[in-house]
Student: 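Got a structure for you, written out below as structure tokens; questions coming shortly.
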Amino acid sequence: MSVEARAVLLCPDGGDLRLASVLVSEPLGAEVQVEVRAVGVCHSDLHLVGFPHTGPVIPGHEVAGVVTAVGPDVASVAVGDHVAVTLVAWCGSCAACVSGQSYRCENPGATARPEGAGPRLALADGMAVAAGFGVGGFASYVLVHRNQVVRVPSSLPFEQAALLGCGTLTGVGAVLNGARVEAGESVVVLGCGGVGLSVIQGAVLAGASRIVAVDLNQGAVDAALSVGATAGVCAAGLSPEETVEAIRAAGVVAGAGVPGGEANADGGSAAGGVGLDHAFEVVGLPATTRQAVRSLRVGGRAHLIGLHRPGNLTELDLMLDVIQPQRGIQGIFMGQACVPRDVPRYAELALAGRLDLGRLVGSTVSLGDVPSALAALRSGVVGRTVVTELVA
Ligand SMILES: NC(=O)c1ccc[n+]([C@@H]2O[C@H](COP(=O)([O-])OP(=O)(O)OC[C@H]3O[C@@H](n4cnc5c(N)ncnc54)[C@H](O)[C@@H]3O)[C@@H](O)[C@H]2O)c1
Ligand SMILES: [Zn+2]
Ligand SMILES: [Zn+2]
């Protein structure tokens, strides 16, 4: 059955956000219709709002809810199941997918509705509405492909299960799958918002010895310390060089320093520490990307998670910042997740009290608050804002 949903619509004319009624089609083939019970407000939604659009779009992609209908080709979930929904598009049958590396799926378009079948979402006059990131989560219902949906235990609160769809999948996955942090290694996390706090929790799970949390907002640094960071650096008022020095000083692991204060091979002074093993950039700015690389020890690796504006260029001195100190730099998208493996793992860890999803939720709001919640991300929000009131 098709259903009418209340949704936050991004209109192409001027990019304003308004509440609207949207018709959500009945599920065809491999589609799953989900009644949304919670949806997180991720910074990527703010990026999406800033992009040019040719038609109306519903942003929002970090969703948890209850399955209300399934297409004839769906056996993985059933009506009444509690699920987390992700934006990760993977076909399930290409070489990458069948070898467990669905994050580099060769045919992600397979999760879209086949052409000619009509739109998944439409306005009352029939105009098609796009689902932002293939989810369209700021709505009381979503219609997605079965590969985007994973069953979660009904004992996990919806506002926590929603985080499994993006922030936690991305943050914990970046540490465990992307960086493969080893017990005893040191880590710095630049940007401690919804995703950065999950990176910190991932570093705790991995057994990192030092976890240095960096943010411009002291409240975010405090939140990071409360979920397992071992040191915090509030970068407000610090120059980029001072920030790097403060990170390196906070990241010193007992016995790992260079005695005497001589310069290290990578130009860092012993007073500032030899640098860290891993740096996670979770902001999406050239300045913090440079700081991430320059905070590393010889042979350290930078993991870039924050999304940059297309065309953003970051200047690095390739000889002094990368080649001589033998540093690696990689981009990580959605925590290199294997969705049907990782979402249940993280849910299990949450229920066992080893992943504190409750602490990641900053506040809960209603659907009508989405525009102000998105705007608030520009100036810094502590924890994840989650929409839990989907209907008036
Ligand atoms: N790669 C992926 O798969 C993926 C997935 C989800 C989100 N993201 C991206 O990750 C980034 C973070 O997302 P979020 O939802 O956590 O955002 P957020 O707005 O909740 O957090 C960003 C944090 O960065 C801090 N910050 C801003 N400028 C800073 C600076 N110069 N130095 C230090 N800290 C600074 C802010 O104070 C804030 O706490 C965004 O760019 C988002 O689009 C990427
Ligand atoms: Zn997200
Ligand atoms: Zn695939």
Side-chain angles (χ1 to χ4, degrees), residues 8-17 40-62 86-89 103-104 108 130-138 165-167 169-171 173-174 178 188-199 214-217 220 235-236 239-240 243-244 279-295 302-318 321-322 328-336 370-381 384-385:
V8 175
L9 207 63
L10 172 64
C11 305
D13 43 354
D16 72 330
L17 294 158
V41 181
C42 174
H43 208 111
S44 301
D45 295 313
L46 188 59
H47 293 310
L48 179 84
V49 168
F51 292 156
H53 300 284
T54 52
V57 183
I58 303 174
H61 59 276
E62 193 179 73
T86 87
L87 63 81
V88 181
Y103 62 87
R104 55 177 190 86
F133 296 112
V135 178
F138 292 145
C166 179
L169 196 69
T170 298
V188 56
V189 180
L190 293 110
C192 301
V195 180
L197 292 177
S198 280
V199 174
V214 186
D215 205 288
L216 290 179
N217 177 353
S239 69
T243 304
V244 169
F280 293 85
E281 200 281 351
V282 205
V283 184
L285 291 174
T288 40
T289 303
R290 272 190 299 275
Q291 288 163 25
V293 174
R294 291 175 179 166
S295 300
H303 312 284
L304 310 185
I305 299 172
L307 300 186
H308 288 241
R309 285 172 190 280
N312 246 10
L313 300 180
T314 299
E315 263 188 18
L316 286 168
D317 183 319
L318 290 181
D321 290 328
V322 182
I329 302 174
Q330 70 167 334
I332 301 181
F333 188 67
M334 295 308 290
Q336 292 189 352
V370 165
S372 55
L374 282 168
L377 287 175
R378 289 198 178 93
S379 47
V381 173
R384 190 60 119 203
T385 303

Student: Report the distance from atom OG1 of Thr289 to atom CG of Leu313, rounding to the nearest 0.5 Å.
Tutor: 11.5 Å
Student: Do you know which two heavy atoms are closest between Ala292 and Ala279, and how far apart they sit?
Tutor: O-CB, 3.3 Å
Student: Do Val57 and Phe51 have side chains that approach each other closer than 4.5 Å (heavy atoms only, starting at C-beta)?
Tutor: no
Student: Side-chain contact test, heavy atoms from C-beta onward, threshold under 4.5 Å: evaluate it for Ser44 versus His61 and give yes or no.
Tutor: yes
Student: Run through Leu9, Leu17, Leu10, Val370 and flag the one making a side chain to side chain contact (heavy atoms under 4.5 Å, CB included) with Phe138.
Tutor: Val370
Student: What's the separation between atom CD1 in Ile332 and atom NE2 in His303, rounded to the nearest 0.5 Å?
Tutor: 5.5 Å
Student: State, yes or no, whether a side-chain contact exists between Val283 and His43 at a heavy-atom distance under 4.5 Å.
Tutor: no
Student: May I ask you to test the Thr314-His308 pair for a side-chain heavy-atom distance under 4.5 Å?
Tutor: yes
Student: What are the two closest non-hydrogen atoms of Ala302 and Val293, and how far apart are they?
Tutor: CB-CG2, 4.0 Å
Student: Write down the atom of Leu197, the atom of Ala220, and the distance for their closest heavy-atom approach.
Tutor: CD2-O, 4.3 Å
Student: Looking at every heavy atom in both Gly167 and Ser198, which two are closest together, and how far apart are they?
Tutor: O-CB, 3.4 Å
Student: Between Phe133 and Leu87, which heavy-atom pair has the shortest distance, and what is it?
Tutor: O-CB, 3.4 Å
Student: Going by the rule side chain to side chain donor-acceptor pair (under 3.5 Å), which residues pair with Asp321 if we only count those two or more places apart in sequence or in a different chain?
Tutor: Arg294
Student: Would you say Ser295 and Val214 make side-chain contact, with heavy atoms under 4.5 Å?
Tutor: no
Student: What's the spacing between Glu281 CD and Thr288 OG1 if we round to 0.5 Å?
Tutor: 3.5 Å
Student: Determine yes or no for a side-chain-to-main-chain donor-acceptor pair under 3.5 angstrom, with Asp45 supplying the side chain and Pro59 the backbone.
Tutor: no
Student: Indicate yes or no: at least one non-hydrogen side-chain atom of Leu316 is less than 4.5 angstrom from one of Ile329.
Tutor: yes
Student: Does any non-hydrogen side-chain atom of Asn312 lie less than 4.5 Å from one of Pro286?
Tutor: yes
Student: Roughly how far, to the nearest 0.5 Å, is CD1 of Ile58 from CG of Leu48?
Tutor: 11.5 Å
Student: Nearest 0.5 Å, what's the CG-CD distance between Leu169 and Gln336?
Tutor: 11.5 Å
Student: Quick one: are Cys42 and Arg384 in side-chain contact, heavy atoms under 4.5 Å?
Tutor: yes
Student: Of all heavy-atom pairs between Thr86 and Val135, which one has the smallest distance, and what is that distance?
Tutor: O-CG2, 3.7 Å
Student: Output all residues satisfying side chain to side chain donor-acceptor pair (under 3.5 Å) with Thr170, sequence neighbours left out; order by chain, then residue number.
Tutor: none
